[in-house]
Amino acid sequence: MKKLIFNALKVLSVCAMLGVLILSAQIRHTIIANVPFDFTALDQHLSAGTYTFTSDSPQGTILIHGEQGGAAAFVLGLPVQANKIQEDAKLVFHRYGDQYFLSKIWYPWTDQGRELRVSKVEEQIARNMPKPEETTLLVAGSKQQKPVR
């Protein structure tokens, strides 16, 4: 009986260690982009400038941090998958007149990305205007790495 319990504990320990290794192997995506226009990410207004977009959470949390003025926002993105591997990182915005709303973030060298939900402000604007134009920024200076522990 002791041997059976000991073997069960060994199996559980191995499973727990594998779980920790899988979680620690999550990929961190960092995109640095010069956004030439003011934009909204969810309900957060951000001015034109250079921003770092970082995602390393399986839950889809994205940190948007501005290099000028220290503007920052946490947004939640749902996972999306492209039809093909993206060679470049891309930021996709919905544009209504002169207002831009961050819609999707595509990571380089993968078919994975994040889609932000539509904000209340964008919903209100969309009711009164035709379908938005999509504006895509190709981004240089993006990184894909395992998180440092």
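The chain is numbered in sequence order, starting from 1. Since the structure is predicted, the reported quantities are computational estimates derived from the model, not experimental observations.
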[atom1] of [X] to [atom2] of [Y]: how many Å apart, nearest 0.5 Å?
{"X": "Thr50", "Y": "His65", "atom1": "OG1", "atom2": "NE2", "value": "12.0 Å"}
{"X": "Leu76", "Y": "Glu115", "atom1": "CG", "atom2": "CD", "value": "12.0 Å"}
{"X": "His94", "Y": "Lys104", "atom1": "NE2", "atom2": "NZ", "value": "6.0 Å"}
{"X": "Glu122", "Y": "Leu42", "atom1": "CD", "atom2": "CG", "value": "10.0 Å"}
{"X": "Thr30", "Y": "Tyr107", "atom1": "OG1", "atom2": "OH", "value": "9.0 Å"}
{"X": "Ile105", "Y": "His29", "atom1": "CD1", "atom2": "NE2", "value": "10.5 Å"}

**Asked** Do the side chain of Asp111 and the main chain of Lys84 share a donor and acceptor less than 3.5 angstrom apart?
**Response** no
**Message:** Treating Arg95 as the side-chain partner and Gly97 as the backbone partner, does any N or O pair qualify as donor plus acceptor under 3.5 Å?
**Reply:** yes
For the residue pair [X] and [Y], establish whether any side-chain heavy-atom pair is separated by less than 4.5 Å.
{"X": "Gln86", "Y": "Trp109", "result": "no"}
{"X": "Arg114", "Y": "Pro79", "result": "yes"}
{"X": "Asp38", "Y": "Ser47", "result": "yes"}
{"X": "Glu67", "Y": "Thr52", "result": "yes"}

Minimal non-hydrogen separation, [X] against [Y], with atom names:
{"X": "Tyr96", "Y": "Pro130", "value": "CE2-O, 4.0 Å"}
{"X": "Ala71", "Y": "Leu46", "value": "CB-CD2, 3.9 Å"}
{"X": "Phe93", "Y": "Val35", "value": "CZ-CG1, 4.1 Å"}
{"X": "Val118", "Y": "Glu123", "value": "CG1-CG, 3.7 Å"}
{"X": "Ala73", "Y": "Gln44", "value": "CB-CG, 3.6 Å"}

**Request:** If the plane angle is over 60° it's perpendicular, under 30° parallel, otherwise tilted; pick one for Tyr51 and Phe53.
**Result:** tilted
**Prompt:** How are the rings of Tyr100 and Phe37 set to each other: parallel, tilted or perpendicular (split at 30° and 60°)?
**Reply:** parallel
If hydrophobic clusters are built from ILVMFWY residues whose side chains come within less than 4.5 Å, do [X] and [Y] share one?
{"X": "Ile62", "Y": "Phe101", "answer": "no"}
{"X": "Leu137", "Y": "Ile64", "answer": "yes"}
{"X": "Val121", "Y": "Met129", "answer": "yes"}
{"X": "Val92", "Y": "Val80", "answer": "yes"}
{"X": "Trp106", "Y": "Leu91", "answer": "no"}

